[in-house]
Amino acid sequence: MSRVSVEIENHIARVTLTRGDKMNALDPAMVEALIAAGEALIGNDDIRVVVLSGEGAAFCAGLDVASFGALAGGDVEERVMTRTHGLANQYQRVSLVWRDVPVPVIAALHGVTFGGGMQIALGADIRIAHPDTRLSIMEMKWGLVPDMGGMVLLPQLMRSDVLRRLTYTNDQIPAAEAQVLGLVTELNENPKAAALALAEQIAGKSPSAIRAAKRLIAVAESGASEADILLAESREQTDLIGKPHQMEVIAANMQKRAPVFD
């Protein structure tokens with residue numbers, strides 16, 4: 001059975017978790033499929049936005065409990081400690097790959113977004129959630145710690161004391177609370193439709209400027225020095241000013257029409 005589908009239309013890539021009968025719980029095949037989908041999009045110059053969603057009753061319920069036995073068997077240290085994707089192992093790559101996709105990624109959340117599913121959602125630039133969505137840093141329920149890139153992503157979004165409470169307790173929180181805490185960008189009764197509408201808006205902007213903005217924000221969030229951030233601003237701007245996409249934006253604004261990009 002296919003675990004992930006990818007459809008590209010009008011420069012928008014729709015990536016859907018398709019294990020709806022299992023609440024899109026993560027098994028090794030789904031992890032591999034998500035990584036493959038993300039990495040295929042990294043080199044796709046045609047896409048301008050990605051919308052990440054799950055079919056069925058949930059975005060993602062986290063790790064498939066049936067996978068615990070397989071994970072605990074064999075050489076755990078080799079499987080977990082081996083860096084298979086640069087600085088990351090396979091399970092960390094499944095969330096961090098979305099940060100490497102050079103265009104904005106919008107996650108549409110519904111049902112539950114637990115554990116590994118939450119960490120995948122955190123890899124997106126923006127998260128739109130149905131008001132009834134429940135979220136949890138779930139790993140402590142199973143005697144584990146977040147290990148899918150969450151400790152790279154979570155500290156960028158929330159206060160340390162709140163992060164610690166949610167990690168230590170694995171409490172489930174409603175989407176409205178998650179929004180207040182910084183884990184959810186906005187609430188919407190139809191998060192996938194809202195994500196696609198936002199994707200269409202972003203897809204109408206200068207493709208080169210959008211990609212530059214994502215790169216620049218990554219530098220700003222990386223802990224780089226003030227000098228390096230200022231230099232990155234100047235470098236990105238230099239590469240945009242007077243180039244075809246920027247000139248088309250100026251012409252479209254002057255002519256009061258939508259820009260058309262090659």
S.K.: Do any side-chain atoms of residues 104-116 form donor-acceptor pairs under 3.5 angstrom with protein atoms, and if so which ones, sequence neighbours left out?
M.R.:
residue: H110; atom: NE2; partner: G56; partner atom: O; Å: 2.8
residue: H110; atom: NE2; partner: A58; partner atom: N; Å: 3.2

S.K.: What I want to check is whether the side chains of N188 and H130 have a donor and an acceptor closer together than 3.5 Å.
M.R.: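 H130 and N188 do not have a side-chain donor-acceptor pair below 3.5 Å.
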S.K.: So, R257 and E248, do they make that salt bridge, N to O below 4.0 Å?
M.R.: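 Yes, this pair counts.
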S.K.: Sort and list the pairs that fulfil ring-ring contact (aromatic ring centres under 6.0 Å, His included) and have at least one residue in residues 234-262, not counting sequence neighbours.
M.R.: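 Sorted pair list: H245-F261.
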S.K.: Under 4.0 Å between a side-chain nitrogen and a carboxylate oxygen: does that hold for R93 and D100?
M.R.: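 Salt bridge between R93 and D100, a charged N being under 4.0 Å from a carboxylate O: yes.
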S.K.: Check D239 with R235, please: is the shortest side-chain N to carboxylate O separation under 4.0 Å?
M.R.: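 Yes.
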S.K.: Indicate whether the side chain of T82 and that of T84 have a donor and an acceptor atom separated by less than 3.5 Å.
M.R.: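 The answer is no; no qualifying pair exists.
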S.K.: Write down the atom of V4, the atom of A37, and the distance for their closest heavy-atom approach.
M.R.: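 Heavy atoms only, the tightest pair is CG1-CB, 4.1 Å.
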S.K.: So which residues get pulled into I250's cluster when ILVMFWY side chains under 4.5 Å apart are joined, directly or through others?
M.R.: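 Taking Ile, Leu, Val, Met, Phe, Trp and Tyr as members, I250 shares its hydrophobic cluster with M247, M254.
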S.K.: Of the options T16, D27, T18, which is the one that meets R3 in a side chain to side chain donor-acceptor pair (under 3.5 Å)?
M.R.: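 Per the side chain to side chain donor-acceptor pair (under 3.5 Å) rule, the option paired with R3 is D27, out of T16, D27, T18.
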S.K.: Sort out for me which residue in L157, L52, T133, L135 forms a side-chain contact (heavy atoms from CB on, under 4.5 Å) with R127.
M.R.: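 Filter result, single survivor: L157.
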S.K.: Under 4.5 Å between any side-chain heavy atoms of M30 and N24, yes or no?
M.R.: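 With C-beta onward as the side chain, the pair touches.
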S.K.: If you count every heavy atom of other residues, nucleotides or ligands that lies below 6.0 Å from Q255 atom CD, does the total exceed 12?
M.R.: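 Check passes, neighbour count above 12.
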S.K.: Nearest 0.5 Å, what's the CD-CG distance between E32 and L26?
M.R.: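 Going from the CD atom of E32 to the CG atom of L26 covers 12.0 Å.
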S.K.: Verify the distance criterion only: is there a donor paired with an acceptor across the side chains of R165 and T169 at less than 3.5 Å?
M.R.: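 The answer is no; no qualifying pair exists.
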S.K.: In this structure, are over 12 heavy atoms from other groups packed under 6.0 Å from E78 atom CD?
M.R.: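 No - once you tally the heavy atoms of other residues, nucleotides and ligands closer than 6.0 Å, there are 12 at most.
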S.K.: Testing M151, E139, M138, Q92 one by one against Q119 for a side-chain contact (heavy atoms from CB on, under 4.5 Å), which residue passes?
M.R.: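 Option passing the side-chain contact (heavy atoms from CB on, under 4.5 Å) with Q119: E139.
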